[in-house]
Amino acid sequence: MTNKLKYFIGNWKMFGDFGSFKIINKINQFSYKSKKQTIKRKIILCVPSTLIHFFNQKLKSKFISLGVQNCHYHQGYGPFTGSVSALMLKKAGADYIILGHSENRFEGETNSLIKKKIISALKQKLNIIFCIGETLKEKNKGKTFTILRSQIRSSLSKKFNMNKIILAYEPVWSIGTNKIPRIDELKKNIEFIKTNFKKIFKTTKTPKVLYGGSVNAKNIKLFSSVPQIDGFLIGGASQSSKKFIDIIINYYK
Ligand code: 13P
């Protein structure tokens with residue numbers, strides 16, 4: 001078993017109320033109990049913006065980090081009814097933010113809009129989980145690499161602090177479908193993202209790349225055979241403390 005740092009990140013999506021604190025609390029306790037282990041692991045939960053402040057205040061000792069799932073591109077305050085900015089989310093207690101998720105791209109978010117959001121979030125020193133991935137149609141047309149390359153190239157600028165960005169490869173067709181990529185294909189795509197990122201940004205530093213899409217306690221063991229994966233972005237299964245904790249336990253089994 002590898003001793004490289006692995007991320008287990010939950011994306012709650014549109015889920016949860018104040019009572020859902022018990023889920024956060026159980027995951028925090030699990031993290032506390034296993035803190036003496038030599039395993040290098042980081043647990044982050046990205047919750048709705050309505051809950052970040054409450055959870056942040058209620059968690060007395062934090063063995064997990066908290067984040068949110070999107071922001072408006074505008075920096076600071078402004079005339080944008082119904083929106084929240086990175087500044088407001090940072091003030092409310094977020095350390096991490098998911099940007100570029102396919103569910104938001106589907107609602108019309110473009111690479112250039114994502115780029116502006118990344119700029120805004122970095123200005124607030126938020127850590128970014130930047131999602132990329134191809135649709136089934138693009139995959140079937142053999143366009144996966146082209147799509148991944150253009151998502152990286154047009155949403156990130158060379159001036160960014162790359163230490164604050166974690167990429168998450170989430171094939172759109174695997175989200176919430178119980179379908180996962182073939183392991184050899186996944187390996188190839190993760191390697192492509194890492195190599196291409198280094199090429200585009202002329203850096204020798206290898207970026208962290210997570211996998212996301214239908215990860216559960218049963219299939220996690222399959223992924224542990226791919227050392228190139230730096231962790232997981234977990235949707236549905238992160239809405240249950242048991243399912244989320246079982247994923248972590250089974251990964252290291
Ligand atoms: P599921 O784990 O529910 O497939 O969702 C993945 C995802 O979208 C994480 O961002």
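As the structure is a prediction and not an experimental result, all values here were calculated from the model. Numbering of ligands and ligand atoms starts at 1, following listing order.
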Side-chain H-bond candidate by donor/acceptor type, K205 with N163, under 3.5 Å: yes
Side chain to side chain contact (heavy atoms under 4.5 Å, CB included) partner of C46, chosen from I129, I52, N70: I129
Under 3.5 Å side-chain donor-acceptor pair for T206 and K198: yes
May I have every N or O pair linking ligand 1 to the protein at under 3.5 Å, one per line with atom names and distance?
| residue | atom | partner | partner atom | Å |
| --- | --- | --- | --- | --- |
| ligand 1 | 2 (O) | G235 | N | 2.9 |
| ligand 1 | 3 (O) | G236 | N | 2.9 |
| ligand 1 | 4 (O) | G176 | N | 2.7 |
| ligand 1 | 4 (O) | S214 | N | 2.7 |
| ligand 1 | 5 (O) | K13 | NZ | 3.2 |
| ligand 1 | 8 (O) | K13 | NZ | 2.8 |
| ligand 1 | 8 (O) | H101 | NE2 | 2.8 |
| ligand 1 | 10 (O) | N11 | ND2 | 3.0 |
| ligand 1 | 10 (O) | H101 | NE2 | 2.9 |
| ligand 1 | 10 (O) | E170 | OE1 | 3.1 |
| ligand 1 | 10 (O) | E170 | OE2 | 2.9 |

Within the 6.0 Å centroid threshold, strictly below: F244 and F30: no
E170/R105 salt bridge by N-O under 4.0 Å criterion: no
Whichever hydrophobic residues join F80 through chains of side-chain contacts under 4.5 Å: Y73, L113
